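Working notes for the structure below.
Here the structure is a predicted model, which means the values were calculated and not measured.
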Amino acid sequence: MSKFFINRPIVAMVIAILMVMLGAVTITTLPVAQFPNIVPPEIQLQASFVARTRRPWSNPSPRPSNSKSTAWTT
């Protein structure tokens, strides 16, 4: 039986497409009223953040240091 579909892949594709179309038609006939009402859960988060002091607005970007290291300093 599997040899039939291996030798004739178009038949296998047609059957697969027909099954998808049949499923799309029958999904509209499902009794949705019998399903329970499911409410998605709600999650509330509260976080506090203690930040360090702000940099002055006159120089908001870091500058390269004069040393040979690759580290950036402010």
Side-chain angles (χ1 to χ4, degrees):
M1 183 68 144
S2 61
K3 206 172 209 180
F4 175 78
F5 291 109
I6 291 172
N7 292 333
R8 295 172 181 85
I10 303 229
V11 175
M13 285 190 287
V14 168
I15 291 174
I17 290 170
L18 287 175
M19 300 254 318
V20 169
M21 290 171 54
L22 181 67
V25 169
T26 57
I27 200 166
T28 60
T29 62
L30 288 175
V32 180
Q34 294 178 357
F35 292 140
N37 291 333
I38 299 174
V39 179
E42 294 181 11
I43 299 174
Q44 293 182 353
L45 297 176
Q46 182 178 4
S48 60
F49 178 70
V50 180
R52 61 185 182 140
T53 58
R54 291 183 165 191
R55 289 187 272 168
W57 287 104
S58 62
N59 187 12
S61 61
R63 296 183 311 251
S65 65
N66 290 337
S67 67
K68 293 183 180 181
S69 68
T70 58
W72 291 81
T73 59
T74 56

Distance-only donor-acceptor hits, side chain of residues 22-32, under 3.5 Å, sequence neighbours excluded:
{"from": "Thr26", "atom 1": "OG1", "to": "Leu22", "atom 2": "O", "distance (Å)": "3.0"}
{"from": "Thr26", "atom 1": "OG1", "to": "Gly23", "atom 2": "O", "distance (Å)": "3.2"}
{"from": "Thr28", "atom 1": "OG1", "to": "Val25", "atom 2": "O", "distance (Å)": "2.7"}
{"from": "Thr29", "atom 1": "OG1", "to": "Thr26", "atom 2": "O", "distance (Å)": "2.7"}

Residues 34-47, side-chain donor-acceptor partners within the protein, below 3.5 Å, at least two apart:
none

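Hydrophobic clustering places Met19 together with Phe5 (ILVMFWY residues linked when any side-chain heavy atoms are closer than 4.5 Å, directly or through intermediates). Connection of Phe4 to Ile15 is established within a shared hydrophobic cluster, with ILVMFWY side chains joined at heavy-atom distances below 4.5 Å, either directly or through further cluster members.
Residue Leu18 places its CG atom among more than 12 non-hydrogen atoms of other residues, nucleotides or ligands, all under 6.0 Å distant.
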